[in-house]
Amino acid sequence: MPAEPLRLMLCGSVDDGKSTLIGRLVHDLGAIPEDVLSGLTGETGEVDLSRLTDGLAAEREQGITIDVAWRYFRSQRRTFIAADAPGHEQYTRNMATAASAVDVAVLLVDARKGLTDQTRRHAQISALLGLKTVILVVNKMDLVDWSRSVFDEIAAAFEALCQSLSISGQAVPATARTGANVVVRGETAAWWTGPTLLEILESLPDALSVAAEAPLRLAVQMVLRPGDERAYAGRISAGTLRSGDSVRVMPGGQTASVRQILSPDGPVDIAVAGQSVMVILAEDLDLGRGDVLCSATAPAICADQLEADIIWMAERPLLPGRPYWMKLATRTVSAQVTAIKSRRDIRFGMDLAADQVALNDIGRCNLSLGEPIALDGYGDNRTMGGFILIDRESRETVGAGLVRHALRRAANLHASPLSVSRETRAAALAQKPACLWFTGLSGAGKSTVANRLDLTLSQAGFRTMLLDGDNLRHGLNRDLGFTEADRVENIRRVAEVARLMTDAGLIVLVAFISPFRADRATARALFEPQEFVEIFVDAPLEVVESRDPKGLYRKARAGELPNFTGIDSPYEPPLEPDIHIHTDAATPDEACRHILDELKRLGRLG
């Protein structure tokens, strides 16, 4: 029996019988305790096996699967872990999560319906997530009198689908309710001479045996000191590691040799994919969490720009320029989507043009990372090629990604050294560079206060530059509208310009609504610590709407100006601004004096 169980996922449309099929597998293999079995028996005396996995109250009430339910069972030849994935389209993200953790997909269809849009969707996602084998169970064959022609027609359509996706497929007729062709053969289907579902599952190759033949990958999870030496602990995701092997550490590129391998049971001479070990190197290297021990002859790629498919799991869409945390293996780095190249139409398998990726969509994107990391293509190594995106504000997982390849520009672009440093430029101006970022609703007084402060600083001998939102939309940002995606790009561009100006030693005043916290956090991250000062120009909506100096609120209320911040587009006020002014209670001169006092207190006007 393999050391690791076969992980399988059951998926398909609602009511195709996924939960019943898992229940049947577990039941017919004798893995349901008597007390649990009695709880599945209804008033008629018939056992409802679907209830074995439908554990959530909402699932019981609706008769559907919402969450991913896992069951462990074994046959005489093999151990299994089965995931019951939800069938509704709105829970596609749950199904994709399950697919990323299994070795094979078991796809169910109702014999009366054949392949549906959801069947094709789940087959597409299975292929996208690297599953090489998909088994089609044509369920409820008893409801079509075990018609061979019905099965042959469905099996032929499934074979064509698998060929288009470059995956291996096998179909089997069954009735999960009675157990025919699930674990034992169905007596009513004498024409079927192929294997049962269990026989197919038992014959599949062990995924870890295949992984052991791949180049070595061990992502360091932690550094321990079992004695006086450093030991690097982690799980081998691919390859075989032996004492004395030469390894290359990525992304650093150092080479070293393995002096000792420690398993939970003590020292071993060899470890393979799937094992968690501690590795002691002969050389004294300063490694940490996120470094990867690789095959010396076939190391992982090191890159900070890549192309990936992203399965989006959040209500707010994925937009270029918005910052996230990216976690790949044991390394977490900052990440931005720099371009959305396409969105996958799962139903027809087509790539469509897109400027955002919505909930349950799959988008092909370019990403830029805060630093180079070690990675592989997802098709080569699911651990080193799979990642999640984490919202920097809520800390929630918002996307799951699959690395396609590193971008060539990642290796070809290099920063040019400058003879005159930003410190030298600032010293020549006898001032500390700074970015004073004014944010607030339209009409709150950002431009007025920023302009007054700019004049005051200039008269005091400081070298400044004011970047105003309306002014930049007449030039640099004239191609942008006011959708959420355009607003993100608007802020990204001005932040980059402001950073260049602080490199020149200037004090830059930026007056932009900049409604989203995440985008302001992205801007802050471009600057040196304490160099970015967020100034919240605060006034209640009723006050700014009564001012309405440009007539924008009137147009927005009349429906003539869509996506207007504060009316039909949200404004996210700073939670902890560096400076907070209330322009409903202070004049522009008073606000300017308050900002000057705060800047001196913060040490920004040295």
Side-chain angles (χ1 to χ4, degrees), residues 68 85 89-101 121-131 165 301 303-329 331-370 373 375-407 409-410 484-485 488-489 492 516 518-519 522:
V68 176
E89 180 178 349
Q90 62 263 40
Y91 300 116
T92 299
R93 53 184 168 176
N94 303 57
M95 178 268 171
T97 300
S100 67
R121 177 178 288 105
H122 285 178
Q124 288 259 355
I125 294 175
S126 297
L128 182 69
L129 287 162
L131 299 183
L165 298 174
I301 301 167
D304 61 0
Q305 297 190 60
L306 56 104
E307 180 181 282
D309 290 321
I310 298 176
I311 304 168
W312 196 242
M313 302 178 175
E315 296 290 341
R316 174 175 284 185
L318 169 65
L319 299 172
R322 183 152 286 166
Y324 302 98
W325 292 115
M326 171 181 168
K327 185 177 186 301
L328 186 149
R331 173 63 61 91
T332 300
V333 296
S334 61
Q336 281 186 342
V337 171
T338 55
I340 297 175
K341 304 180 71 174
S342 61
R343 178 181 63 82
R344 172 60 61 95
D345 185 320
I346 294 297
R347 179 181 177 185
F348 297 106
M350 300 171 57
D351 290 328
L352 307 175
D355 58 5
Q356 65 180 31
V357 182
L359 174 65
N360 288 326
D361 278 347
I362 301 174
R364 182 153 293 182
C365 307
N366 288 348
L367 289 94
S368 177
L369 311 182
I373 64 171
L375 54 86
D376 287 304
Y378 186 82
D380 298 322
N381 187 308
R382 293 169 75 179
T383 298
M384 296 301 302
F387 61 87
I388 60 173
L389 292 178
I390 303 168
D391 185 272
R392 299 180 74 150
E393 294 287 330
S394 67
R395 303 293 177 174
E396 294 179 349
T397 297
V398 292
L402 318 162
V403 175
R404 290 305 163 201
H405 55 80
L407 296 178
R409 70 190 71 160
E484 187 172 354
V488 172
E489 175 61 13
R492 188 195 69 80
F516 302 115
D519 301 331
T522 301

Open item on the list: How long is the straight-line distance from CZ of Arg343 back to CE of Met350, given to the nearest 0.5 Å?
Closed with: 10.5 Å
Open item on the list: Between Arg382 and Leu131, is there a side-chain heavy-atom distance shorter than 4.5 Å?
Closed with: yes
- [ ] List for me each residue that meets side chain to side chain donor-acceptor pair (under 3.5 Å) alongside Gln336, sequence neighbours excluded, and say none if there are none.
- [x] none
Open item on the list: So, taking the atom named CH2 in Trp312 and the one named CD in Gln356, what distance separates them when rounded to the nearest 0.5 Å?
Closed with: 11.0 Å
TODO: Rounded to the nearest 0.5 Å, what's the gap from CG on Leu306 to CG on Leu402? Could you check?
DONE: 11.0 Å
Task: Taking every non-hydrogen atom, the tightest pair across Pro320 and Val488 - done: O-CG1, 2.9 Å
- [ ] Using side chain to side chain donor-acceptor pair (under 3.5 Å) as the criterion, list what pairs up with Asp355, not counting sequence neighbours.
- [x] none
Task: Side chain proximity check, Met313 to Val398, heavy atoms < 4.5 angstrom - done: no
- [ ] Would you name the heavy atoms of Ala303 and Leu369 that are closest together and state the gap between them?
- [x] O-CD1, 4.1 Å
Open item on the list: Measuring from atom CG of Leu407 to atom CG of Asp304, what distance do you get when rounded to the nearest 0.5 angstrom?
Closed with: 9.5 Å
Open item on the list: With side-chain contact (heavy atoms from CB on, under 4.5 Å) as the test, pick out the partner of Gln124 among Leu165, Leu129, Ile362.
Closed with: Leu165
Open item on the list: Are Leu389 and Leu367 packed together at the side-chain level, in the sense that at least one heavy-atom pair is separated by less than 4.5 angstrom?
Closed with: yes
Open item on the list: Applying side chain to side chain donor-acceptor pair (under 3.5 Å), can you list everything that pairs with Asp309, at least two apart in sequence or on another chain?
Closed with: Arg364, Arg404
Open item on the list: Among residues at least two apart in sequence or on other chains, which ones pass side chain to side chain donor-acceptor pair (under 3.5 Å) with Ser334?
Closed with: none
Task: Minimum heavy-atom distance between Val337 and Leu318, given as atom pair plus value - done: CG2-CD1, 3.7 Å
- [ ] Would you check if Val357 and Ile310 make a side-chain contact, meaning some heavy-atom pair closer than 4.5 Å?
- [x] no
- [ ] Could you tell me the separation between the CG atom of Leu375 and the OG1 atom of Thr383, rounded to the nearest 0.5 Å?
- [x] 13.0 Å
Open item on the list: Please enumerate all residues that pass salt bridge (Lys or Arg N to Asp or Glu O under 4.0 Å) together with Arg492, with sequence neighbours excluded.
Closed with: Glu489
Donor-acceptor contacts, no H, no angles, side chain residues 321-329, under 3.5 Å, sequence neighbours left out:
| from | atom 1 | to | atom 2 | distance (Å) |
| --- | --- | --- | --- | --- |
| Arg322 | NE | Asp519 | OD1 | 3.4 |
| Arg322 | NH1 | Glu484 | OE2 | 2.8 |
| Arg322 | NH2 | Asp519 | OD2 | 3.2 |
| Lys327 | NZ | Ala329 | O | 2.7 |

